[in-house]
Amino acid sequence: MTDAPARSEPFDYETAFSRTIGWITRTEQPILRAKRVAIAGMGGVGGSHMLTLARLGIQSFNVADLDRFGIENLNRQAGAFQSTMGQPKVDVLCRMARDINPDLDINTFPGGVTHDNMEAFLSGVDLYVDGLDFFVLDIRAKLFAMCAERGIPAITAAPLGMGAAVLAFLPGRMTFEEYFRLDGQTTDEQQLRFMVGLAPAVLHQPYLVDPSAVDLINHKGPSTPMACEICAGIAGTLALKILLGRGRVLAAPHGMHFDGYRNKLVHTWRPGGNNNPLQRLILSVARRRFMR
């Protein structure tokens, strides 16, 4: 070890991302470089999404978050360190991403996504990646609806237990509302429908050792760092496939749930979304368990 400062080299895009060549082609890397991705939420999954996509070579982002890092974030959030406590999540993650690629073009929305700035947030965007807190459903639903209206593909990845459940909503296919069916429901019912709709295979449930930690009414739930990183890996792979237009993308009502703890990968299919008969049965069981 030495106390000498690390050597700083001039940034060169082609060299920085040359190790992806082989899994993508030399002509595809500039395509990724030219894409713009919107990420709402810079917390548990959103921060990891941004860093993963920045390392993939994507160079333009619209990012939003209104929160600051707190000690409760240290167990899972990519930007949470003792040195970043109290700092805005948007500022920290942008700083980290620019430490990967100083040429990043980032539009920041430090007040989060609102009804007033939603159009600007999605302006010029090629893909939306959902990183909002689980319990933020009104803005989430409106963002996905606007993506559908504008023909913007959208991905949501849920960190569940020690795995991830992922859904993609593609232009011209089943929409977020058609799948989750949240309109007209109470807030508690919406949260339940979102939870069950995200992961119809419920792979994580058998090893939930303390069900009382899932408190939908008070907006609390357990989390692991592994789940957040798995989310970023799967969502980043879907982003690559969507942005380059290659490889099959499972679009809703199809989904995927991988659980590292149980060594399982399940392809889910729920025609009708939460209106599917099997899904209605799972919702009924979930109401009795989590909404006493």
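All residue numbers in this chain count up from 1 along the given sequence.
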Just by modelled atom types, is the [Y] backbone N or O under 3.5 Å from a matching donor or acceptor in the [X] side chain?
X	Y	value
Glu178	Thr175	yes
Ser123	Ala120	no
Thr108	Pro110	no
Arg270	Gly197	no
Gln190	Leu182	yes
Arg280	Asn275	yes
Gln29	Glu14	no
Arg76	Cys228	no
Thr84	Gly79	yes
Gln279	Val196	yes

Evaluate the criterion side chain to side chain contact (heavy atoms under 4.5 Å, CB included) for residue pair Ile139 and Met118; output intermediate values, then yes/no. CA-CA 9 Å; Ile139 290 295; Met118 196 175 294; 4.0 Å; yes

Please list, chain by chain and in numerical order, all residues satisfying ring pair (Phe, Tyr, Trp, His ring centres under 6.0 Å) with Phe121, sequence neighbours excluded. Phe109

Heavy-atom check, side chain of [X] versus side chain of [Y], under 4.5 Å:
X	Y	value
Phe144	Thr156	yes
Leu203	Tyr261	no
Val166	Ile155	yes
Val63	Leu93	no
Leu143	Met146	no

Let's go through Leu243 and Ile31 carefully: what are the C-alpha distance in whole Å and the side-chain angles of both, what is the deciding distance for side chain to side chain contact (heavy atoms under 4.5 Å, CB included) to 0.1 Å, and is it a yes or a no? CA-CA 8 Å; Leu243 294 173; Ile31 295 173; 6.0 Å; no

Quick one: which of Asp210, Leu208, Asp215 gives a side-chain contact (heavy atoms from CB on, under 4.5 Å) with Pro222?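 Passing option: Leu208.
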
Please determine whether side chain to side chain contact (heavy atoms under 4.5 Å, CB included) holds for the pair Leu167 and Met174, giving the CA-CA distance in whole Å, both sets of side-chain angles, and the decisive distance to 0.1 Å. CA-CA 11 Å; Leu167 289 167; Met174 188 177 214; over 6 Å; no

Would you please classify the geometry between the [Y] ring and the [X] ring as parallel, tilted or perpendicular, with 30° and 60° separating the classes?
X	Y	answer
Phe169	Tyr179	perpendicular
Phe134	Phe194	tilted
Tyr13	Phe17	tilted

For Lys264, does the NZ atom have more than 12 heavy-atom neighbours from other residues, nucleotides or ligands under 6.0 Å away? no

Glu119 atom CD, neighbour heavy-atom count above 12 within 6.0 Å: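 No - once you tally the heavy atoms of other residues, nucleotides and ligands closer than 6.0 Å, there are 12 at most.
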
Spatial distance of atom [atom1] ([X]) from atom [atom2] ([Y]) [nearest 0.5 Å]:
X	Y	atom1	atom2	value
Trp269	Leu250	CH2	CG	12.5 Å
Phe258	Asn263	CZ	CG	7.5 Å
Thr52	Ile39	OG1	CD1	9.0 Å

Pairs satisfying side chain to side chain donor-acceptor pair (under 3.5 Å), at least one member in residues 139-149, at least two apart: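 Sorted result for residues 139-149: Asp130-Arg140, Asp138-Lys142.
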
Applying side chain to side chain contact (heavy atoms under 4.5 Å, CB included), run through Met50 and Ile106 and close with a yes or a no. CA-CA 11 Å; Met50 186 180 188; Ile106 309 175; 3.6 Å; yes

Heavy-atom closest pair, residues Lys241 and Gly247: CE-C, 3.6 Å

Ser284: what forms a side-chain contact (heavy atoms from CB on, under 4.5 Å) with it, not counting sequence neighbours?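 Listed in chain order: Arg287, Arg288.
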
Any pair counted as salt bridge (Lys or Arg N to Asp or Glu O under 4.0 Å), so long as it reaches residues 78-104, sequence neighbours left out: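 Output for this query lists Asp67-Lys89.
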
Considering only residues two or more places apart or on different chains, which pairs with a residue in residues 35-63 satisfy salt bridge (Lys or Arg N to Asp or Glu O under 4.0 Å)? Arg36-Asp105

ring-ring contact (aromatic ring centres under 6.0 Å, His included): which pairs involve residues 29-84, sequence neighbours left out?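 Sorted result for residues 29-84: empty, none.
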
